[in-house]
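As a basis for the values below, the full set of heavy atoms in this structure was taken, side chains included, without hydrogen atoms, waters or symmetry mates. Positions are given from 1, in the same order as the sequence printed here. Bear in mind that the values here come from a model prediction, so they are computed numbers and not experimental data.
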Amino acid sequence: MATARARLYGLLAATFDGEAETIAAALDRGSFAAVAEVFPIDIETANLRGDDHDADSLGVGYDNLFVVPGTHYVPPFASAHATDPSEAFESDSRYHTAGEAGEFLGDPAADMARLYAAAEFSPERGDSIPDHAAACFEFMRALCEREAVLLEDDGSEANLDAVRELQARTLSRLGWIDRFEEAVASSDTVEGVFAAIARLARTFTAWDAQEVVQAERQPSETTPP
């Protein structure tokens, strides 16, 4: 399970980092659709399959949505979707009126940076933006991979607990994916590929937080409180 979760987080990280070839290959294999079909929540899979989606068109679609500011642009980082203004905000670039939420490199970025530091992790994705979706998913991939190694090697309960605690803390900071998904759905109205993948990401992270991470962190009946 930990390995499977790591693979999906890795695929989501590549997707929101704009790896068009990887996205096209995953669509062609039906990787996204296969995951969507196992969730109890209904997710439309028509746009998660490889028909008519090549790397070039996906690259253009990605740039229009997540790179080039314009009528369809959706910032792919948490700070822009925050509902409260940051307490300590020093960036010159803003997506909001002063004193309102929606900064660039606001408190959500600082929170993620602290989590990375706690795990001695340096994200390679996300354009050096700590709360970029690609960086967050890359971090979850690394944590799930670490969990898989510990389980395979009979790692200590303390180390497993530490990794799962970091997973839980990270997932608790991904609530902004709900607002992000809604914004992508409103902007990606032509092809709908990224809207469908964002919907999958929203569903998967919510499921992972509730069904896997929280369940693993619950003490067993034989474990002292």
Show me the donor-acceptor pairs within less than 3.5 Å that the side chains of residues 24-39 make with the rest of the protein, sequence neighbours left out.
from: Arg29; atom 1: NE; to: Ser31; atom 2: OG; distance (Å): 3.4
from: Glu37; atom 1: OE2; to: Arg49; atom 2: NH2; distance (Å): 2.5

Min side-chain heavy-atom separation Phe66-Pro76 under 4.5 Å: yes
Heavy-atom closest contact (Phe16 atom, Ala201 atom, distance): CE1-CB, 4.3 Å
Ser172 to Arg169 - nearest heavy-atom pair and separation: OG-O, 2.7 Å
Smallest separation among heavy atoms of Ala14 and Thr22, with atom names: CB-CG2, 4.0 Å
Side-chain donor or acceptor of His72 paired with backbone N/O of Val184 under 3.5 Å: no
Joint hydrophobic cluster, Val193 plus Val60, side-chain heavy atoms closer than 4.5 Å: no
Rounded distance [0.5 Å steps], CG in Asn159 versus CG in Leu150: 5.5 Å
Just distance, no hydrogens or angles: give the donor-acceptor pairs under 3.5 Å from side chains in residues 128-142, sequence neighbours left out.
from: Asp131; atom 1: OD2; to: Ala78; atom 2: N; distance (Å): 3.4
from: Asp131; atom 1: OD2; to: Ser79; atom 2: N; distance (Å): 2.7
from: Asp131; atom 1: OD2; to: Ser79; atom 2: OG; distance (Å): 2.6
from: His132; atom 1: ND1; to: Ala134; atom 2: N; distance (Å): 3.0
from: Glu138; atom 1: OE1; to: Glu124; atom 2: N; distance (Å): 3.0
from: Glu138; atom 1: OE1; to: Arg125; atom 2: N; distance (Å): 3.0
from: Glu138; atom 1: OE2; to: Glu124; atom 2: N; distance (Å): 3.1
from: Arg141; atom 1: NH1; to: Glu145; atom 2: OE1; distance (Å): 2.7
from: Arg141; atom 1: NH1; to: Glu145; atom 2: OE2; distance (Å): 3.1

From Ile43 atom CD1 to Phe204 atom CZ, the distance as rounded to the nearest 0.5 Å: 11.0 Å
Under 3.5 Å side-chain donor-acceptor pair for Asp208 and Thr205: no
Pairs flagged by side-chain hydrogen bond (donor to acceptor under 3.5 Å, both in side chains) wherever residues 177-198 is involved - sequence neighbours left out: Asp178-Arg202, Glu181-Arg202
Distance in Å, Trp176 CH2 paired with Phe77 CZ, rounded so as to fall on 0.5 Å steps: 9.0 Å
Distance (rounded to the nearest 0.5 Å) between Ile23 CD1 and Ile197 CD1: 6.0 Å
Val163 with Val149, same ILVMFWY side-chain cluster at under 4.5 Å: no
Test item: Glu19 side-chain N/O and Glu21 main-chain N/O as donor-acceptor pair under 3.5 Å: no
Phe180 to Ala198 - nearest heavy-atom pair and separation: CE2-CB, 4.5 Å
Common cluster, Tyr62/Val68, ILVMFWY with side-chain heavy-atom separation under 4.5 Å: yes
Test log, rule salt bridge (charged side-chain N to carboxylate O under 4.0 Å, His left out), inputs Arg114 and Asp111: CA-CA 5 Å; Arg114 283 190 286 270; Asp111 287 344; 2.4 Å; yes
Nearest non-hydrogen partners of Leu166 and Ala119, listed with the distance: CD1-CB, 3.8 Å
Side chains of Gln167 and Arg5, donor plus acceptor under 3.5 Å: yes
CE on Met1 to CD on Glu147, rounded to 0.5 Å: 10.0 Å
Min side-chain heavy-atom separation Phe194-Thr15 under 4.5 Å: yes
Atom of Thr3, atom of Ala148 and distance for their closest heavy-atom approach: OG1-CB, 3.5 Å
Check: Thr45 side chain, Leu48 main-chain N or O, donor-acceptor pair, under 3.5 Å: no
